[in-house]
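One-based numbering, in listed order, for ligands and for the atoms of each. A quick note: this is a predicted structure, and the numbers were derived from the prediction, not measured.
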Amino acid sequence: MGTRLGQRQILLRTLPPGGPGRKAMSSLRVVLGDQLSAGLSALADLDPAHDIVLMMEVAEEGTYVRHHKQKIVLVLAAMRHFAAELRKRGITVDYVALDDPANTGTLTSEIVRAVERHRPARIVATEPGEWRVLKMAEGWQKATGCAVELLADDRFFASRAWFARWAKGRRGWRMEHFYREMRRAHAILMDGDDPAGGDWNFDADNRKKLPATVATPSRRRFAPDATTRAVMALVERRFGDHFGTLAEFAWPVTRAQALQALDDFIANALPQFGDYQDAMRADAPFLFHSLIAPPLNLGLLSPHEICAAAEAAYRAGAAPLNAVEGFVRQILGWREYVRGVYWTLMPDYAASNALEATRKLPDFYWTGETPMRCLAQAIDQTKRHAYSHHIQRLMVTGNFALLAGIAPHEIERWYLAVYADAYEWVEMPNTLGMAVFADGGKMASKPYAASGAYIDRMSDFCGRCAFDVKQKTGPKACPFNYLYWSFLIRQKQRLAGNPRMAMPYRTLAAWPADRQAAIVSEAEAFLARL
Ligand code: FAD
Ligand code: DLZ
């Protein structure tokens, strides 16, 4: 399973062109902004006497989508701290800063400049996490005339090849099947051959509404140090008109901080993570969630150590099984699964639009100005923290995009832009596959469509909303209500045959045609006003 340290899988190797002026066996080792792991394959056999690590801050990576300002600060601040740590270990780092006057603004053009500066015998890199950047890396040999060795990214439980083998020949892919194999293969939460506690899945225990009397824990956050503050000023100067604010930036930017964040989660939030995993509360953006995706996706933590820490808490009696299994399922299951889906189905996956949705993304996704309180809350938290938790992403902003028929590419680019943890390999399948069902069911067995009743059940948003969640039609009715039924009517041909959608379609079948038509026209009128 996966590629192990010491047996690195080489994905691409080209012959060194040789030629005068090249130092014997010196390697230029590229570390990208989301590859900040000491054990990175590109750094594995680094020779500090001859090799140089290249890190590049480039405008293109901040603007190919207009990332939230906090995301750019997080990546650049973490890169600067990582470079400092490498230097402390005696490694030479050639670090190209964003405001270096000679900076040409793209990864490839900076690699070309670096090869001219150092004349290495070869470039060594770990495969990028994103299709777009992988295609760039595959062009580096041609662009530089220098040999390129592209190594597998072994910071995951499942290698791309392993997932492809698992997926091949299966009629339908389901996360649950994948997850069970991962539990077995990695002996995580297993008692011999059986799952700990006798069950693979404790989801039924994990859907509680959060009572007003239950307090949420205060969380370990990190005040920006001088390095991060300098990056914040730089980002305000260069990307000042991007979405979001920096005032509350408090993400971990070093491995030491990321470990403190993990310890804090395990001790203070994990025990109730399961119970309230799906809950939403207006004044509590983080609830019992781990906040671990931003440092994890940068490489400051490994999924292996996170799962081990959670399992250790269970074995020590410090956290119940429904919480620990629910958390491990997210990391060992969903995170690995969506990566496999991404790499197996790209590049065609990006153009998925099974429901033929074409509506433009409403402006309120950027401004937060909407009378729908659940959406306004989720977007406001996103602006302030570059974060909202999974149920807000899936059942509020995602559900609205699904029901309103927003073009998948528009909503997909929004998710990629606005979250501190957003990288295409994880964001795209979650958006196209899970939130808006644009892949027609490759990733999830049914659309996560819901009316206002779901949001009301799981949150305290509806009480003070301008709309009334109990009303199904009329000017005060919650738009999620008529949008939900109108969506089912619109998509009947595609969805009515899905056994998991049988219940709502049975309800709909009992409605007279004029009632259905009235709902559709009310939804259309609302959407036209957006
Ligand atoms: P927790 O709720 O504490 O979960 C623990 C960890 O499990 C997360 O840190 C993450 O690493 C992993 N995880 C949980 N759910 C998923 C999932 N569905 N897919 C992959 N990993 C998961 N996650 C990202 O890391 N980057 C993204 O760009 C991203 N985009 C998303 C877009 C949409 C439309 C949706 C519905 C989900 C998206 N997710 C994404 C998944 C999930 O919402 C975030 O991982 C989670 O909210 C991050 O917060 P947390 O660290 O507090 O997570
Ligand atoms: C997200 C990001 C940003 C904002 N800036 C940089 C950068 O300046 N230099 C860099 O190496 N990486 C950056 N990144 C991360 C890349 O976009 C990321 O490596 C690709 O998306 C591949 O996952």
Side-chain angles (χ1 to χ4, degrees), residues 30-36 54-65 67-69 71-76 78-79 96-98 103 105-107 110 126-134 136-137 153 175 219 235 239 242 261 265 269-270 273 277-278 285-299 301 303 306-307 310 326-339 341 387-399 401-402 411-412 414-436 443-444 448:
V30 176
V31 175
L32 298 175
D34 56 353
Q35 298 183 336
L36 309 181
L54 174 67
M55 298 180 70
M56 306 153 278
E57 296 179 356
V58 294
E60 185 177 51
E61 293 306 302
T63 53
Y64 72 96
V65 294
H67 293 297
H68 193 301
K69 282 185 262 187
K71 159 109 180 262
I72 305 178
V73 170
L74 173 64
V75 175
L76 302 191
M79 284 174 69
V96 183
L98 191 71
N103 190 325
T106 72
L107 293 172
E110 280 309 300
T126 296
E127 59 176 339
E130 188 180 333
W131 178 270
R132 175 185 63 90
V133 187
L134 178 65
M136 279 184 210
D153 189 345
M175 199 291 288
R219 307 306 294 274
V235 167
F239 308 101
H242 282 211
F265 165 69
L270 176 64
F273 173 88
Q277 194 176 350
D278 288 0
F286 306 137
L287 296 167
F288 298 92
H289 290 274
S290 67
L291 315 183
I292 228 63
L296 170 61
N297 293 349
L298 284 177
L301 294 171
I306 295 173
C307 289
F327 180 69
V328 163
R329 164 186 301 269
Q330 307 310 313
I331 307 255
L332 179 69
W334 279 111
R335 185 171 186 267
E336 299 285 329
Y337 180 69
V338 301
R339 179 172 181 264
V341 169
Y387 180 86
S388 68
H389 63 73
H390 186 66
I391 292 302
Q392 287 171 307
R393 296 187 205 194
L394 185 63
M395 300 310 294
V396 179
T397 45
N399 186 25
L402 170 72
I411 185 68
E412 188 274 302
W414 183 79
Y415 280 110
L416 185 59
V418 301
Y419 291 112
D421 55 40
Y423 296 89
E424 197 179 87
W425 63 266
V426 52
E427 173 275 331
M428 185 181 280
N430 268 297
T431 306
L432 299 184
M434 206 190 282
V436 297
M443 198 179 111
Y448 285 87

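- Here atom 37 (C) of ligand 1 lies nearest to N430 when heavy atoms of V436, N430, I391, L402 are compared.
- Atom 16 (C) of ligand 2 has as its closest protein heavy atom E61 OE1, 3.4 Å.
- If you number the atoms of ligand 1 from 1 as listed, the ones under 4.0 Å from a heavy atom of I292 come out as 9 (O), 51 (O).
- Polar contact check, V58 against ligand 2: a nitrogen or oxygen pair lies under 3.5 Å apart.
- Ligand 1 has S388 within reach: a non-hydrogen atom of the residue lies less than 4.0 Å from it.
- For N297, a nitrogen or oxygen atom sits less than 3.5 Å from a nitrogen or oxygen atom of ligand 1, counting backbone and side chain alike.
- Inclusion of V75 in the set of residues having an N or O under 3.5 Å from an N or O of ligand 2 is not warranted.
- Every atom of ligand 1 is numbered from 1 in the order shown, and the set under 4.0 Å from a heavy atom of Y423 is 28 (O).
- Considering A401, A293, P429 only, the shortest heavy-atom separation from atom 9 (O) of ligand 1 involves A293.
- Residue contacts with ligand 1 for M434 involve side-chain atoms from C-beta outward but no N, CA, C or O (heavy atoms, distance under 4.0 Å).
- Taking only non-hydrogen atoms, the option from Q330, E424, E427 nearest to atom 13 (N) of ligand 1 is Q330.
- Ligand 1 does not have Y419 within reach: every non-hydrogen atom of the residue lies 4.0 Å or more from it.
- Using cut-offs of 30° and 60° for the angle between ring planes, the H289 and H389 rings count as parallel.
- In terms of N/O distances under 3.5 Å, ligand 2 is not approached by H67.
- When H389, H289, Q392, H390 are checked for heavy-atom proximity to atom 43 (O) of ligand 1, H390 turns out nearest.
- The closest approach between any non-hydrogen atom of L98 and ligand 2 is not below 4.0 Å.
- By the 4.5 Å heavy-atom criterion applied to side chains, V96 and M55 are not counted as neighbours.
- Between F286 and Y387, the distance separating the two ring centers is shorter than 6.0 angstrom.
- Considering backbone and side-chain atoms alike, A435 places every N or O at 3.5 Å or more from each N or O of ligand 1.
- Under 4.0 Å from ligand 2, the heavy atoms of M56 that appear belong solely to its backbone.
- Taking every non-hydrogen atom of F273 and a distance limit under 4.0 Å, the qualifying atoms of ligand 1 come out as 1 (P), 2 (O), 3 (O).
- When heavy-atom distances to ligand 1 are checked against a 4.0 Å cut-off, F286 has no atom that comes that close, whether in backbone or side chain.
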- Task: I would like to know whether R335 and N297 meet side-chain hydrogen bond (donor to acceptor under 3.5 Å, both in side chains); could you show each step before the answer?
- Result: CA-CA 10 Å; R335 185 171 186 267; N297 293 349; 2.9 Å; yes

